[in-house]
Amino acid sequence: MSDHPRFDLEELRALIRLAAEADIEELEVQGAHVKVRIKKARHAGPAGHGGEAPRPDAAATPGAGGTAVQEHRYTPIVAPMVGTFYRAAKPDAAPFVNEGDMIEAGQIVCVLEAMKLFNEIPSEVAGRIVSILAENGAPVEYGQPLFLVDPSPAA
Amino acid sequence: MSDHPRFDLEELRALIRLAAEADIEELEVQGAHVKVRIKKARHAGPAGHGGEAPRPDAAATPGAGGTAVQEHRYTPIVAPMVGTFYRAAKPDAAPFVNEGDMIEAGQIVCVLEAMKLFNEIPSEVAGRIVSILAENGAPVEYGQPLFLVDPSPAA
Amino acid sequence: MFNKVLIANRGEIAVRVIRACRDLGIRTAAVYSEADRDALHVRLADEAFCIGPPAARDSYLHIPNIIATAELLGADAIHPGYGFLAENPHFAEICQDCKITFIGPPPEAIHKMGNKAAARQMMRKAGIPVVPGSPGPVRDEAAALAVARTTGYPLLIKAAAGGGGRGMRVVQSPADLRGAFAAAGQEAAAAFGSAELYIEKYLTEPRHIEVQILADGRGNVVAIGERDCSIQRRHQKLLEESPAVGLSPRLRRALLRAAVRAATVVGYVNAGTVEFLVEGTNHLYFIEMNTRIQVEHPVTEMVTNIDLVKEQIKIAAGERLSLPREIEAHGHAIECRINAEDPARDFLPSPGQITAFIPPGGPGIRVETHAFTGYTIPPYYDSLIAKVIAWGRDRDEAIARMRRALGEFDIGGIQTTIPFHLQVLDNAFFRKGEVYVNFVQRRIDLGPAGRPRSA
Amino acid sequence: MFNKVLIANRGEIAVRVIRACRDLGIRTAAVYSEADRDALHVRLADEAFCIGPPAARDSYLHIPNIIATAELLGADAIHPGYGFLAENPHFAEICQDCKITFIGPPPEAIHKMGNKAAARQMMRKAGIPVVPGSPGPVRDEAAALAVARTTGYPLLIKAAAGGGGRGMRVVQSPADLRGAFAAAGQEAAAAFGSAELYIEKYLTEPRHIEVQILADGRGNVVAIGERDCSIQRRHQKLLEESPAVGLSPRLRRALLRAAVRAATVVGYVNAGTVEFLVEGTNHLYFIEMNTRIQVEHPVTEMVTNIDLVKEQIKIAAGERLSLPREIEAHGHAIECRINAEDPARDFLPSPGQITAFIPPGGPGIRVETHAFTGYTIPPYYDSLIAKVIAWGRDRDEAIARMRRALGEFDIGGIQTTIPFHLQVLDNAFFRKGEVYVNFVQRRIDLGPAGRPRSA
């Protein structure tokens, strides 16, 4: 447009977002032609704005809560195919696994029925079944989490 | 567009909106010719956010910063109507004002011709004409900046 | 043909006119208020000029700035759209004086049809039935009582200069007449600058049916089919269709003939709409003529394949109408006006930013809109944000397609009238074609049921 | 009628099929890959089920997951759209075995038309002209040279199992034949798993004209008009129109008759397209039959007002065709395929996020798209992001409307084929209707001129 240094709004917006997400108070950027300084507001009250801007600061605060970090280590066993989820090989048989069970990698945890075929589904991880996420007899999508596994339980 | 350092109202408006939407308190942008600092008003209550941007608080912050306030004191004289911009009363007459001229509030600075009528346009501010933003004989929109005035020149 | 047309309007109709100009190879100049800087009509036009602050009286109604813009940009014609200056005879005259073609009827025709009472008298003299009532403006309560003796009760008090339901009252008995008359007069004076009122017989379940006409000023006046606009709320049209369902061929012919006669009598040129109330299977009554393009013109376009805005421009440029005398309608078309209003809260305006906007598409669907993702609806103007028009080989197919289109129309950030329309489309009486001007009041529950439902 | 239809596809055609189901009051189940989680067809369907990772072979081509999903969700029919499994006779058979209706032709018809060389032989036996060439697959170079003596040069080598230009070579002389034959065979083997080739006379300036047919399996086979798809680039259609401009009524009748005959011979049921090359004003040659709905089906819908996808579903549900034997086309329709490709850089795919998306609207414009503001085009599938269809009372009006629509179509963040289409629409030869399959190559400069211009 012109050869004058223009304020690039897109860049500014990106900078502001950066500042907001990084949870910093002041950001100063100086180029050949442009100098930008961003200073964040300190709100005492609740965060509630209409827009998008900064994330709830608590989420990014690392040392905040012990239990929150725990959850993240759980690994899901997901459906590798579309099918009906069965916890047991037959209607009257015992379930392959129950909550709290220790499993090994390669151990069958359920069957998925598709097109009249029963497909045994092995776990890819070892650990303890923390929870069973799908209901017996329910249709499951590709990639749907079926079990939550704690791969390093206090053994 | 022109080789005058233009004070782009659109850009300024966008900057203010940006500052208002993002959760920041101060925004300072400095280019080769222009330096803008926007500081958000601290309202006690949550009242303010409806969507309309806040007024340029920087302009309303009098004793805030030394140099930053400087540039922001330029005031545009805008077209109060649609018309053809003429710097002189007649083609062979001298222009009402030139760059560098001191003007008083109420002084005629140009005429706008519309529907065969010549409308004399007075300045609403006193000061020095810093730059003339419209070309002689050019059609101007409503609200288009015609002159930039420094209201408190070193007299 | 014109070189450049200035569009003295905003919103979807400004976009619509730009499209017609494009199709004709004419350059376009948009005007806009400071509130419409980012509007679609500003983006789409070849040029755009800011003409004033947000308030319409200082921008879209500001004649000097609009005329000056036309002159500055070298526009040789102005299309006024609807609303704003479209039915202002003074504006049409000024255009004439400035040698700018006003794309619309001559000022005299606008003027004659603008005074509703005078128009009624003129039509009655021309042999077109009007709703029984006062022959002209009614001076005072005494005169009103005298007229009421000939019309009977219930009767309707209307503002002579009015429209859109303001200055209007239904009166059930002589006892109510006095108060209603005074109140309507005040309202009319406030809204239109004239307290003149007239009185009409109140029809119980009339349908609102209007006829689109085109006249080229060379003796050709053609009726382009009818529209049923009975689905109204407080005299505001919400859903329109063409053809009018269940109309006998005889009554339809009578309507078209009356419309052509009305236009001829008033020396009409360009596109116009003659509005009638229809009672039962035999009775038609002229109510008024709108001397401009209507919001609901697309339903007529869909069943006739005539581009009415293109025809307006061609007529204004002096071209002869090249349409057959008898226009055949094919299929059925319905239009739903999507307003930024909350039907669950008494149609409260819902301006603000549109955070998501995915318009419907597919077979039989046409969308007229100026909205887009990220667009902020300014609070200064009307609340129409989109018109969805569905065409089908028959009314059932048009309804099915409209339901599908409204069901998939994704508008985020604001409330719209879509849930209301879905409710109408699902109503058994509507589906049977039993419509009349108080349909919404009688048949549609606007309580919490008006809230969005899954289609 | 079906209770629930599963749509085994994605993109605009999945949206298109959902719309047809809605119009018929049928529930819809979408399937999607992990790359399409936020896709429009997922949002619009009544239900949606993830069937695999992004790669098509593991999701949209993964028959067990698709069939399992149909069974799990209780879908009684599957619509395959186009591409993916649409012309896979094995898939159609499995559907049959699983008691799920495949909305398309019987597996045998797909199979018979799938082998292009065999289809050609069958058609020739049925008295339909085919391009002179080898009666069947050509074994080796010696056999190729023998065939060439009957067809003359230039000639065309084609993959028997192929399509879309792969495994295809134009040969100018006997000297070139040997190398071209080997290269085409390798390419065919790599692309289609079969190195079988056949040879055809190369037609110099033929037009690609195809006929839409509908057959209900009860003896009714109807030709629904023709489409000219000559505007191609590397055998990929880019712009299609109906009717084919300048076609003599005699040749048109011959095309429609040949198409009906082709469908009848193969025992065809449902919607299909018989493709021909047309040379001069008299010669038509069958090239292949596509046993599915085509990308370009909307141009036929616009000039006939027949919803072809609805007809597909109704036929599959066992309904009898309720169309007249002779379908009359009214007006003219053009479709432009808007691909996420950069015409200025040799049509390089341009996937990514669409930052702005304002589709065109107004009279005569229909848009078929699955894109919206904020949508990210995954790099795994084809680059079609929208189809714009313009209808006009004549070809000139359709062209004017298409130019207007493409001019206002605002797509941000990616490159599209819109500038290419505007260039075609402005080309004087195109405007005169002088189109043929090498039109783009000969008449359109795809250099820097292919960059966006102001419309």
Side-chain angles (χ1 to χ4, degrees), chain A residues 1 6 8-18 21 50-53 55 75-89 91 108-125 132-148, chain D residues 4 6-8 10 29-39 41-42 45-75 78 85 90-91 93-100 102 353 355-356 373-374 380 412-413:
Chain A
M1 187 178 179
R6 284 196 74 196
D8 190 329
L9 285 178
E10 268 318 297
E11 265 175 32
L12 267 178
R13 195 170 286 132
L15 276 175
I16 290 171
R17 210 174 292 134
L18 200 67
E21 281 167 6
E52 359 154 1
R55 286 296 145 89
T75 303
I77 301 173
V78 302
M81 58 180 291
V82 168
T84 304
F85 174 76
Y86 290 113
R87 290 186 52 200
I108 304 302
V109 290
C110 63
V111 293
L112 292 178
E113 186 217 330
M115 301 177 70
K116 318 278 178 281
L117 291 174
F118 289 83
N119 305 275
E120 299 187 328
I121 308 298
S123 173
E124 291 188 352
V125 289
I132 300 171
L133 305 168
E135 215 141 310
N136 196 48
V140 296
E141 294 180 290
Y142 173 86
Q144 184 172 326
L146 305 175
F147 301 91
L148 210 52
Chain D
K4 189 187 288 182
L6 182 139
I7 297 107
R10 62 177 302 281
V31 295
Y32 62 97
S33 78
E34 290 183 316
D36 277 339
R37 209 166 275 285
D38 300 321
H41 75 285
V42 172
D46 295 311
E47 289 167 276
F49 223 64
C50 183
I51 52 163
R57 67 175 177 280
D58 300 324
S59 49
Y60 298 109
L61 289 172
H62 195 284
I63 296 176
N65 277 355
I66 289 169
I67 297 285
T69 302
E71 288 182 337
L72 288 173
L73 302 182
I78 293 182
L85 299 169
H90 176 58
F91 179 65
E93 253 165 41
I94 292 176
C95 287
Q96 221 168 42
D97 292 347
C98 294
K99 308 265 182 296
I100 298 166
F102 175 79
Q353 194 183 29
T355 53
T373 306
Y380 309 102

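Computed from a predicted structure; not experimentally measured. Chain letters run A, B, ... following the sequence lines, proteins first and then strands; every chain starts at 1.
- Between Pro80(A) and Ile121(A) there is a side-chain heavy-atom pair separated by less than 4.5 Å.
- Of all heavy-atom pairs between Leu146(A) and Cys110(A), the closest is CD1-SG, 4.1 Å.
- Taking Ala70(D) as the reference, Leu6(D), Ala75(D), Ile78(D), Ile100(D) meet the side-chain contact (heavy atoms from CB on, under 4.5 Å) condition, with sequence neighbours excluded.
- Residue Phe85(A) comes nearest to Ala134(A) through the heavy atom pair CE2-O, 3.4 Å, listed as atom of the first residue, atom of the second, then distance.
- Every side-chain contact (heavy atoms from CB on, under 4.5 Å) that Glu120(A) has, sequence neighbours left out, goes to Ile108(A), Val111(A).
- In terms of heavy-atom proximity, Cys95(D) sits nearest to Ile67(D) at SG-CD1, 4.0 Å.
- Using a 4.5 Å cut-off between non-hydrogen atoms, the part of residues 48-56 of chain D that approaches chain A consists of Ala48(D), Phe49(D), Cys50(D), Ile51(D), Gly52(D), Pro53(D).
- Between Ala8(D) and Val31(D), the shortest heavy-atom contact is CA-CG2, 4.0 Å.
- Proximity to chain A (any heavy atom under 4.5 Å) is restricted, for Ile94(D), to the side chain, taken from C-beta onward.
- If you tally non-hydrogen atom pairs under 4.5 Å between each of Ala114(A), Gly83(A), Gly143(A), Ala138(A) and chain D, the highest count goes to Gly83(A).
- The OG1 atom of Thr75(A) sits 14.0 Å away from the CZ atom of Phe147(A) when rounded to the nearest 0.5 Å.
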Could you list each N or O donor-acceptor pair linking chain A to chain D at a distance under 3.5 Å?
{"from": "Val82(A)", "atom 1": "N", "to": "Asn65(D)", "atom 2": "OD1", "distance (Å)": "3.2"}
{"from": "Glu141(A)", "atom 1": "OE2", "to": "Tyr32(D)", "atom 2": "OH", "distance (Å)": "2.9"}
{"from": "Glu141(A)", "atom 1": "OE2", "to": "Cys50(D)", "atom 2": "N", "distance (Å)": "2.6"}
{"from": "Tyr142(A)", "atom 1": "N", "to": "Cys50(D)", "atom 2": "O", "distance (Å)": "2.8"}

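- The two atoms that bring Val140(A) and Ala79(A) nearest to each other are CG2-CB, 4.0 Å, heavy atoms only.
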